[in-house]
Amino acid sequence: MSAVPDTIAGRAAAILERIDAAARAAGGGPVRLVAVSKLHPAAAIEAALAAGLTDFGENYAQELEAKRAAITDARVRWHMIGPVQSNKAKRVVGCALVQTLDRPSLLTALDRRAREANVVQAVLVQVNVAGEAGKSGVSPAELPALLDGVAACEALRCAGLMLIPEMGPPEALRRQFRALRRLRDAEAATSRPRVELHELSMGMSDDFELAIAEGATLVRIGTAIFGARAP
Ligand SMILES: *Cc1c(COP(=O)(O)O)cnc(C)c1O
């Protein structure tokens with residue numbers, strides 16, 4: 001095995017190569033890298049930008065808002081990938097993609113804030129494919145109603161689905177990735193205004209190649225690019 005490069009630019013290039021190889025092996029469309037910059041300073045994002053990365057994922061509404069204010073490079077596309085409290089919806093509206101729409105109350109809050117800001121907000125619906133209580137994401141049973149909800153909101157557009165899997169061995173992860181893709185395929189058969197389910201956001205530092213093999217179009221990678229996060 002080759003050594004892991006010790007710069008952000010070197011690690012980013014190595015990850016992009018692995019994404020590309022996995023995407024070619026899967027024979028699907030292009031796969032976009034979302035570099036997860038949560039808890040890393042603006043200087044790390046600047047280094048990744050200089051290395052050609054443009055999509056960045058943040059988990060905390062306040063940190064996202066602060067980084068959007070600090071880094072104004074027009075190439076940057078911000079992704080909200082953490083849970084959003086409804087009273088923080090205003091802080092995340094205006095980013096490229098809110099990946100964690102997971103309940104009707106957040107739908108209502110995002111739609112209201114997007115209308116106030118006079119923007120159309122792109123979202124993904126986060127799904128809890130196992131349907132376990134206490135986990136974030138809508139259950140598969142609740143997914144159609146939430147998509148109907150997006151279809152009724154003028155200021156929202158749904159671009160696809162997002163998954164944070166339960167940890168487990170590769171076969172268990174593969175089952176969850178496949179379950180998300182099947183849900184997408186099933187829901188894509190229903191035509192809804194403002195809903196086009198082309199994106200599947202799944203796969204992180206340790207499992208992105210498996211996710212790409214199962215149809216991921218967006219992978220969210222933090223540690224393998226930026227190194228360990230401060231505790
Ligand atoms: C932190 C985080 C990631 C990145 O995880 P790594 O293991 O550091 O690649 C991806 N997705 C979500 C939702 C996260 O919170």
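Counting starts at 1 for both ligands and their atoms, in listed order.
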Which atoms of ligand 1 are found less than 4.0 Å from any heavy atom of [X]?
| X | value |
| --- | --- |
| R229 | 1 (C), 8 (O) |
| R220 | 4 (C), 9 (O), 10 (C), 11 (N), 12 (C), 13 (C) |
| I221 | 9 (O) |
| G222 | 4 (C), 6 (P), 8 (O), 9 (O) |
| I81 | 11 (N), 12 (C), 13 (C), 14 (C) |

Side chain proximity check, [X] to [Y], heavy atoms < 4.5 angstrom:
| X | Y | value |
| --- | --- | --- |
| R229 | K38 | yes |
| F208 | R18 | yes |
| L124 | L101 | no |

May I ask you to check if ligand 1 and I164 share an N or O to N or O distance below 3.5 Å?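 By distance alone, the answer is no.
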
From atom 2 (C) of ligand 1, work out which of K38, M162, M204, M202 has a heavy atom at the shortest distance.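 Among K38, M162, M204, M202, the closest heavy atom to atom 2 (C) of ligand 1 comes from K38.
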
Exercise: identify the closest heavy-atom pair between Q121 and G94: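 Looks like OE1-N, 2.7 Å.
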
F177: partners by ring-ring contact (aromatic ring centres under 6.0 Å, His included), with sequence neighbours left out: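 In terms of ring-ring contact (aromatic ring centres under 6.0 Å, His included), with neighbours along the sequence ignored, F177 is linked to no residue.
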
Heavy-atom distances under 4.0 Å are what count here, so tell me which part of N59 touches ligand 1: side chain, backbone, both or neither.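 Just the side chain.
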
How about S205 and R220: does a side-chain donor come under 3.5 Å of a side-chain acceptor?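 S205 vs R220: no donor-acceptor pair found between side chains.
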
Pair R68-E65, salt bridge (Lys or Arg N to Asp or Glu O under 4.0 Å): steps then yes or no: CA-CA 5 Å; R68 280 172 68 193; E65 193 178 40; over 6 Å; no

Just need the protein heavy atom nearest to atom 9 (O) of ligand 1, so name the residue and atom and give the distance.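 That would be S205 OG, 2.5 Å.
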
What protein heavy atom is closest to atom 8 (O) of ligand 1, reported as residue, atom name and distance in Å?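 For atom 8 (O) of ligand 1, the nearest protein heavy atom is T223 OG1, 2.6 Å.
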
Enumerate the side chain to side chain donor-acceptor pair (under 3.5 Å) contacts for residues 145-164, please, sequence neighbours excluded, ordered by first and then second residue.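 Qualifying pairs: D148-R192.
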
Using non-hydrogen atoms of the residue, decide whether Q99 is closer than 4.0 angstrom to ligand 1.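 Checking ligand 1 against Q99, which is what was asked, there is no heavy-atom contact under 4.0 Å.
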
